[in-house]
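Accompanying notes for the structure given below.
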Number of protein chains: 2
Amino acid sequence: MSIAATKQLRVQLERIKTDILELAELGRDPADKGIYRMAFTDADMQGKQWLQDRIKAAGLTPQLDGALNISAVLESGNDKPRIMVGSHIDTVPCAGALDGTLGVVVGLECLRCMKEQGIRPGRDVELIAFSDEEGRFGGMFGSQSVAGQMNPGAVATMKDLNGILLSDELKRHGYDARYALDAARDPESIAGYLELHIEQGPVLDRLKKPVGIVDEITGLFTWAVRLRGEANHAGTTPMDMRNDAFMGLAEFANELPRILEENGSDRSRATIGKAQIMPGAANTVPGLVEFSLDVRDTSEVVLDELAAALRKALSAIARRRNLMFDFEQMSYLQPVKCSDLIVNRVIEQANHLGLSYLKMPSGAAHDAQIMGRIVPVGMVFVPSKKGQSHSPAEWTAWSDIEAGANLMLHAILSMAD
Amino acid sequence: MSIAATKQLRVQLERIKTDILELAELGRDPADKGIYRMAFTDADMQGKQWLQDRIKAAGLTPQLDGALNISAVLESGNDKPRIMVGSHIDTVPCAGALDGTLGVVVGLECLRCMKEQGIRPGRDVELIAFSDEEGRFGGMFGSQSVAGQMNPGAVATMKDLNGILLSDELKRHGYDARYALDAARDPESIAGYLELHIEQGPVLDRLKKPVGIVDEITGLFTWAVRLRGEANHAGTTPMDMRNDAFMGLAEFANELPRILEENGSDRSRATIGKAQIMPGAANTVPGLVEFSLDVRDTSEVVLDELAAALRKALSAIARRRNLMFDFEQMSYLQPVKCSDLIVNRVIEQANHLGLSYLKMPSGAAHDAQIMGRIVPVGMVFVPSKKGQSHSPAEWTAWSDIEAGANLMLHAILSMAD
């Protein structure tokens with residue numbers, strides 16, 4: 001079958017269902033119904049074995065690189081830069097069935113469809129399931145390895161929250177973590193990377209769109225902020241003699257909407273997710289607060305402007321309230337623009353399939369964000385019911401999964417033509 | 001010596017110093033320099049023994065009632081309603097040397113001066129050191145017993161934070177807690193109760209006044225408030241699709257100054273001292289906050305109006321932000337007005353002694369608040385350096401202690417005339 005003759009080709013939803021439901025049993029805790037397939041645990045290794053078996057069953061050859069990424073190539077017979085498609089199958093603790101998994105299972109179904117139709121693509125099409133996207137050992141380990149962003153020091157010292165070294169955990173399974181460095185690819189060998197993922201937000205579900213086409217992946221910075229005042233007796237300290245650290249935080253939090261309106265875009269987010277108030281007694285004016293600030297936008301310039309405005313607001317509040325203030329940047333992730341070429345190809349195919357789509361940013365980080373540093377990338381979202389993810393409540397209607405999978409199939413066919 | 005001839009009588013500061021410094025060694029932790037003389041601990045029982053010895057040394061007879069309150073009476077020979085003066089010698093953990101102790105030591109010095117001058121007062125003058133003011137077993141145990149506000153059920157079930165029953169702790173020292181009920185006095189037998197205490201706030205220290213004359217003791221209510229929204233991903237949830245429980249709290253906290261201005265007095269205080277944000281991850285929009293609200297004023301009417309305004313504000317914020325809100329009143333303490341007669345006597349004597357004083361409310365609760373429910377009360381404050389108390393940093397200049405003690409001596413003489 002030539003690619004031109006594939007216009008009517010569709011994925012088989014039943015096979016996708018079977019794969020998702022099978023994989024969902026690996027690492028499942030019968031008590032809370034959550035899935036515990038954190039990177040390089042026994043359950044994750046079982047998942048990797050399961051995937052390799054499914055690849056073989058599709059008549060393809062599974063490959064394992066030094067970062068334990070699993071891939072399978074539908075050969076073109078030429079050495080033009082390839083199309084990569086994938087996601088991850090590791091999970092957070094107490095996960096749902098779709099985060100990451102759906103992108104891998106759909107990618108496999110796309111290759112399976114093409115293989116059984118005897119399609120020889122115009123360039124190699126590679127399915128890849130990246131290791132440790134969710135961050136047991138820091139996050140995006142597999143895609144960072146492929147993107148050549150690992151180094152021997154990092155590989156040797158990465159550990160999980162329990163202090164277990166990545167290298168020890170891999171050794172336990174018979175692997176040597178140092179080979180992760182061999183997973184790096186030549187960017188010239190890759191024409192583009194495409195990833196299907198659940199949205200993990202409420203937008204598509206609320207707007208009743210079956211698919212989202214991602215044009216930008218947000219960057220973010222996280223600050224740990226400290227405001228120090230003076231702890232005092234809540235009864236004996238008049239309101240105008242207080243240096244109440246919590247009231248400083250409350251004033252700052254209340255300024256966030258203004259700061260976003262003045263300096264942000266409609267894609268900006270600012271969140272105070274964590275705060276500790278000390279000493280933390282009902283009858284004591286708080287002397288110290290420590291809180292997190294998570295700020296995201298798809299533009300680096302906007303992120304910089306938000307950072308400047310937030311700093312100014314904090315320092316003005318601290319000055320006025322006679323508080324000491326300091327902060328530390330805990331993380332920074334650059335925003336990534338998806339490739340216009342890929343986005344347009346995906347849009348064309350959505351139109352071809354008659355799918356109502358929303359062009360939208362990705363507010364969460366994905367392997368595509370790492371791959372986007374070295375090659376053109378694109379992402380397709382399917383709706384998350386009520387925006388829920390990282391919980392057993394995570395779900396997407398099968399009909400939306402089918403729509404997303406067909407969009408992926410035709411986007412791949414179009415890119416591999 | 002007749003009372004009329006006592007105009008030149010003064011306390012002996014050296015004796016007060018000695019007593020304070022001696023008592024400060026009982027329960028002292030050499031590591032953090034704090035005093036740990038919590039009610040009915042061995043250290044507190046040592047303190048009670050020390051006080052009885054000091055009373056004997058002054059030629060007076062120590063008495064122990066069923067609540068283990070210690071008293072000493074300077075006899076008048078008649079049965080007119082008596083003047084009581086005192087405070088407490090138990091402490092919070094890691095306490096300073098003056099909270100409570102100063103009032104007892106000064107009271108003792110006043111009786112000592114009168115005794116050694118051969119003064120026979122016009123009515124009995126009784127020094128009392130109340131048990132467990134600080135609240136190891138709930139607070140104000142001694143004064144509540146004297147005020148007849150204990151009952152057998154309460155006495156039998158009161159326990160400390162470690163689950164130790166008051167009754168077991170008293171048994172350990174050879175006492176029976178049930179006798180606490182026998183400590184109740186007939187209000188008709190008491191003409192007034194006068195208490196000297198450190199301010200525990202910054203006002204006198206900032207205004208450089210040696211003494212404060214308390215006209216009202218603030219009442220308070222404490223609420224445990226809960227705002228429930230929805231936890232969501234900080235990156236994928238647009239700002240206008242959030243039900244951020246913490247932002248609800250921040251908005252409410254920011255409304256407090258307005259609510260106090262509109263509904264409170266210059267003696268009103270409102271404090272959010274404790275808050276828990278859940279789930280409490282930097283990348284998660286908070287779905288739940290639980291926080292404490294401590295509100296004080298010297299007028300019951302004002303407290304009621306503040307409660308109504310706070311409820312309205314909370315419910316409007318919850319409605320607008322689509323949060324669920326509930327609260328529980330954790331404690332309520334009625335404000336107490338000091339006796340005009342006693343306040344005026346104290347002011348007269350401050351003028352007689354040439355002391356610059358401030359008429360002020362007490363923002364903290366004291367034994368006088370309990371005694372004020374059954375008899376006329378008055379309080380004298382001395383400055384707390386930087387407003388600090390409940391810490392080893394708690395201190396008052398000796399000259400201010402001397403001024404406060406002389407004011408107490410002359411107020412007692414005047415009231416006992």
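Letters A, B, ... mirror the listed sequences (proteins, then strands); counts begin at 1. It should be emphasised that the depicted structure is a prediction, and the values quoted were computed from it without experimental measurement.
Atoms CD and CD, on B:Gln388 and A:Glu230 in that order, are 6.0 Å from each other to the nearest 0.5 Å.
For the residue pair B:Met241 and A:Pro202, the shortest heavy atom distance occurs at SD-CG, 3.5 Å.
Taking chain A as the reference chain and counting heavy-atom pairs below 4.5 Å, the highest number among B:Ala253, B:Ala282, B:Ser292 is found for B:Ala282. Ranked by heavy-atom pairs under 4.5 Å with chain A, the list B:Ala245, B:Ala234, B:Ser391, B:Pro257 is led by B:Ala234. Counting heavy-atom pairs closer than 4.5 Å to chain B, the top residue among A:Pro279, A:Ala365, A:Pro238, A:Ser384 is A:Pro238. Counting heavy-atom pairs under 4.5 Å between each of A:Ile272, A:Val285, A:Asn283 and chain B puts A:Ile272 at the top. Considering only heavy-atom pairs separated by less than 4.5 Å from chain B, the leading option among A:Gly280, A:Gly387, A:Ala270 is A:Gly280. Highest contact tally toward chain A, considering only B:Asn254, B:Val203, B:Val289, B:Asp294, is held by B:Asn254 [criterion: heavy-atom pairs under 4.5 Å].
Neither the backbone nor the side chain of B:Ser389 comes within contact range of chain A; no heavy atom of the residue lies under 4.5 Å from a heavy atom of that chain. Contacts of A:Arg267 with chain B are absent, with no heavy-atom separation under 4.5 Å from either backbone or side chain. With a threshold of 4.5 angstrom between heavy atoms, B:Ala275 approaches chain A through its backbone and through its side chain.
Taking the side chain as every heavy atom from C-beta outward, A:Arg242 and B:Thr271 approach each other to under 4.5 Å. Looking at heavy atoms from C-beta onward, A:Met239 lies in side-chain contact with B:Leu260 at the 4.5 angstrom threshold.
Side-chain contact of A:Arg269 with B:Thr236: a donor-acceptor pair under 3.5 Å is absent, judged by distance alone.
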For the pair B:Thr284 and A:His390, evaluate side chain to side chain contact (heavy atoms under 4.5 Å, CB included) and give the outcome as yes or no after the intermediate values. CA-CA 11 Å; B:Thr284 305; A:His390 286 189; over 6 Å; no
Taking it one step at a time, do A:Gln276 and B:Ile277 satisfy side chain to side chain contact (heavy atoms under 4.5 Å, CB included)? CA-CA 8 Å; A:Gln276 234 196 322; B:Ile277 288 106; over 6 Å; no
